[in-house]
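Some notes on the structure that comes next.
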Amino acid sequence: MTAFRTTIDHRAVLARYGAEVPRYTSYPTAPHFSQGVGRASWAELCRGLGPAEPVSVYLHIPFCDRLCWFCGCHTKQTRRYDPVEAYVGSLVQEIAAFRRRLGFPPRLGALHLGGGSPSFVRADDVKRLSEALHAAFDFAADAEISVEIDPSDVTDETLAGLRALEVTRVSIGVQDFDPAVQTAINRPQSFEQTRDVIAKLRASGLVSINIDVLYGLPLQTPERLDATVDKVVALRPERVALFGYAHVPHVKKHQTMIREEDLPGPEARLADAARASEAFRGAGYEAIGIDHFALHGDRLAKAARAGTLRRNFQGYTADPCDTLIGFGASAISSFAGGYVQNTVPTGLYQGRVAAGEPAAERGYRLTPDDVVRAHMIERLMCDFALDLDALSARFGSAAEPYVREALRLAASDPDGLVKVDGRRFAIRPAARSLARTVASWFDAHLQSGAARYSKAV
Ligand SMILES: C[S@@+](CC[C@H](N)C(=O)[O-])C[C@H]1O[C@@H](n2cnc3c(N)ncnc32)[C@H](O)[C@@H]1O
Ligand code: SF4
């Protein structure tokens, strides 16, 4: 039995299990997808859909009018608008082809536009997308429609587009308000500009706003991050996402523009994350999962309290849909039986769609073992705990080896990260920032791939 601890030696834990672990927005994670699972699997997985089952839809917009040096998203900078207009045409075609192949309009429970910067898409193109989606899907009356926006794009026309789409939530990138940090990441964005955009969004009737903040950025001192957090709190968004900057210049070449010597070290990152988290909680936000905060009345906070929080490729969500259909270059679809990702290069994606072919390129078919592990990892990332009785109720006798595995891991946990109370395997409050590490104990694929992941904290 491990002695009770209120503090955790993070350095020892990261040395033991490795500092780089997946963010677990899926299990297995995208680096384990293979070319062998592509178009045929996509068509077969789609056949499992029924008209009554609500699905979640994701549209990827891989364009921005500027490129931030820190960005890890699949996007590219374009100064001209015509490539965006042509890409919207491809999305419209892909959505219509999906509807034709399926033979019925599935119920749409949630829609998310991400990128890149969907706010770069002009109102008439947003209208085209909206019409294509409404022709292909049966929108639920309470469908949540969310869009990621870059405040520097937002004009009255953008607001008209958001209204046409009947958007219910927007997610705004802030990262850090300090000018020195902004110069180091090539993202000038004043507090006043952000405040005015939020005021306009609120005036246009938007019910919920999320702000993204990053720690671990170049030249980001504790004082600069604290000042950013204070300003974000003053804007009173319903949600905040506090992400650790993932520096992966081997994957994202433009991140080489960031000087490694300007980056805070692991201890500073840890302290920054803890302080920012404390400040958001002190300002009345409830901590959600590993990196989100929400006001008490927000859907995400309600889902977290009810134990119904989910985690998908967009991160934490209150959306209960089991199926996610992704449209656009690099978009991932998620089905009960597996994952399928569209081809990543934008030109190739558009070529496939123009030729009338599915854009699916690679994926993964879940084995029965994966299904149980995916569920366990999702619950650990959402609830910081596994209800072992609920696991048995869900998977029957097939759950037994996993229950034994959880109990064995808890008994051999030298750092006191977890505890078992009756039939509850729980991550200790002091170890919550290491939830990804604990989740990785249940990852049967982690040792098998050459994948590289971001820092655990
Ligand atoms: C698609 S962007 C947000 C929308 C819009 N393009 C913007 O920048 O305002 C999604 C979010 O991902 C996060 N992000 C991007 N690159 C990241 C990285 N390398 N590490 C951690 N988070 C990152 C940022 O917080 C960013 O706001
Ligand atoms: S952070 Fe947003 S605006 Fe900046 S490059 Fe990435 S997607 Fe584009």
Side-chain angles (χ1 to χ4, degrees), residues 20-23 25 58-79 83-84 112-121 146-154 158 162 167 169-177 181-191 193-194 197-198 201 209-218 220 225 228-229 232 235 237 239-258 260 263-264 269 272-273 276 290-293 313-316 328-331 346 436 452-457:
E20 294 178 357
V21 277
R23 298 181 51 74
T25 53
Y58 174 72
L59 256 59
H60 190 73
I61 311 289
F63 298 100
C64 296
D65 52 5
R66 56 140 175 233
L67 193 60
C68 312
W69 302 147
F70 69 90
C71 186
C73 307
H74 171 54
T75 189
K76 74 173 176 205
Q77 185 181 23
T78 170
R79 293 188 199 286
V84 184
H112 184 75
L113 269 69
S117 295
S119 45
F120 190 26
V121 179
S146 52
V147 178
E148 292 171 16
I149 67 167
D150 172 357
S152 69
D153 291 335
V154 177
T158 322
L162 297 179
V167 167
R169 184 161 48 81
V170 293
S171 182
I172 301 177
V174 163
Q175 330 310 344
D176 192 298
F177 278 124
V181 176
Q182 291 188 351
T183 303
I185 59 174
N186 194 37
R187 191 185 168 100
Q189 177 180 329
S190 72
F191 172 75
Q193 177 191 28
T194 311
V197 164
I198 290 178
L201 291 167
I209 287 176
N210 172 81
I211 287 184
D212 292 338
V213 176
L214 292 184
Y215 65 87
L217 287 173
Q220 193 180 44
L225 178 59
T228 294
V229 169
V232 169
L235 295 169
R239 299 182 189 176
V240 176
L242 173 68
F243 299 129
Y245 166 49
H247 187 61
V248 284
H250 51 281
V251 184
K252 295 286 171 188
K253 292 283 170 270
H254 54 260
Q255 290 186 351
T256 55
M257 298 297 288
I258 291 178
E260 308 247 340
L263 292 172
R269 281 174 69 100
D272 284 349
I290 58 165
D291 50 19
H292 274 60
F293 300 85
F313 292 102
Q314 284 105 59
Y316 288 107
S330 80
T346 305
R436 290 163 62 183
R452 294 177 72 175
Y453 298 99
S454 60
K455 300 249 181 299
V457 282

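We count ligands from 1, going down the list as the structure has it; atoms in each ligand are counted the same way.
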Atoms of ligand 1, numbered as shown, that sit under 4.0 Å from any heavy atom of [X]:
| X | value |
| --- | --- |
| Gln255 | 19 (N) |
| Gly244 | 20 (N), 21 (C) |
| Gly115 | 1 (C) |
| Cys71 | 16 (N) |
| Phe243 | 25 (O) |
| Gly72 | 15 (C), 16 (N), 17 (C), 19 (N) |

(message) Can a side-chain donor-acceptor contact be found between Ser152 and Gln193 if the only test is distance below 3.5 angstrom?
(response)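 Not at all, the side chains of Gln193 and Ser152 share no donor-acceptor pair under 3.5 Å.
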
(message) Does any part of the side chain of Arg239, heavy atoms only, come nearer than 4.5 Å to the side chain of Tyr316, both counted from C-beta?
(response)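 A side-chain contact is absent here, since even the closest heavy-atom pair is not under 4.5 Å.
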
(message) So Arg66 and Asp150, do their side chains get closer than 4.5 Å, heavy atoms only?
(response)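 Heavy-atom side-chain distance check passes, below 4.5 Å.
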
[X] to [Y] - nearest heavy-atom pair and separation:
| X | Y | answer |
| --- | --- | --- |
| Val84 | Val121 | CG1-CG2, 4.1 Å |
| Arg187 | Pro151 | NH2-CD, 4.0 Å |
| Ile185 | Gln175 | CD1-CB, 4.3 Å |
| His60 | Gly116 | CE1-N, 4.4 Å |

If you measure every N/O of [X] against every N/O of ligand 1, is any gap under 3.5 Å?
| X | value |
| --- | --- |
| Cys64 | no |
| Gly116 | yes |
| Pro151 | no |
| Tyr245 | no |

Can you tell me which portion of [X] lies within the under-4.0 Å heavy-atom range of ligand 1? Options are side chain, backbone, both, or neither.
| X | answer |
| --- | --- |
| Leu214 | side chain |
| Lys252 | neither |
| Asp212 | side chain |
| His247 | neither |

Please state which protein non-hydrogen atom is closest to [atom] and give its distance, to 0.1 Å?
| atom | value |
| --- | --- |
| atom 12 (O) of ligand 1 | Cys73 SG, 4.1 Å |
| atom 1 (C) of ligand 1 | Glu148 OE1, 2.9 Å |
| atom 24 (C) of ligand 1 | Gln175 OE1, 3.4 Å |
| atom 5 (C) of ligand 1 | Ser117 OG, 3.8 Å |
| atom 20 (N) of ligand 1 | Ala246 N, 2.9 Å |
| atom 18 (C) of ligand 1 | Phe70 O, 3.7 Å |

(message) Classify the ring geometry of Phe70 against Tyr245: parallel below 30°, tilted from 30° to 60°, perpendicular beyond 60°.
(response)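 Ring orientation, 0 to 90° scale: perpendicular.
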
(message) I need the protein N, O or S atoms closer than 2.8 Å to atom 4 (Fe) of ligand 2, given as residue plus atom name.
(response)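 Counting only protein N, O or S atoms under 2.8 Å from atom 4 (Fe) of ligand 2, the list reads Cys68 SG.
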
(message) Walk me through whether Glu148 and Ser171 qualify under side chain to side chain contact (heavy atoms under 4.5 Å, CB included).
(response) CA-CA 5 Å; Glu148 292 171 16; Ser171 182; 4.2 Å; yes

Report yes or no: does [X] contribute a side-chain atom to a donor-acceptor pair with the main-chain N or O of [Y] at less than 3.5 Å?
| X | Y | answer |
| --- | --- | --- |
| Ser146 | His112 | no |
| Tyr215 | Gln220 | no |
| His292 | Gly315 | no |
| Gln189 | Phe177 | no |
| Ser119 | Thr158 | no |
| Asn186 | Leu67 | yes |
| Lys252 | Cys73 | yes |

(request) Inspect the contact between Asp291 and Arg436 and indicate whether a charged nitrogen and a carboxylate oxygen are less than 4.0 angstrom apart. (result)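 Salt bridge: no.
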
(request) Give the numbers and elements of all ligand 2 atoms closer than 4.0 Å to a heavy atom of Gly116. (result)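 Checking each atom against Gly116, I get 7 (S).
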
(request) Say whether Ser171 and ligand 1 are in contact under the criterion: heavy-atom distance to a ligand atom below 4.0 Å. (result)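 Ser171: no contact with ligand 1 (<4.0 Å).
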
(request) Would you check whether Val174 reaches within less than 4.0 Å of ligand 1, judged by its heavy atoms? (result)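 So Val174 does not count as touching ligand 1.
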
(message) Counting only heavy atoms, tell me which of Arg66, Arg187, His74 gets closest to atom 8 (O) of ligand 1.
(response)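 It is Arg187 whose heavy atom sits nearest to atom 8 (O) of ligand 1.
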
(request) Walk me through it: do Val213 and Leu225 pass the test side chain to side chain contact (heavy atoms under 4.5 Å, CB included)? (result) CA-CA 9 Å; Val213 176; Leu225 178 59; 4.3 Å; yes

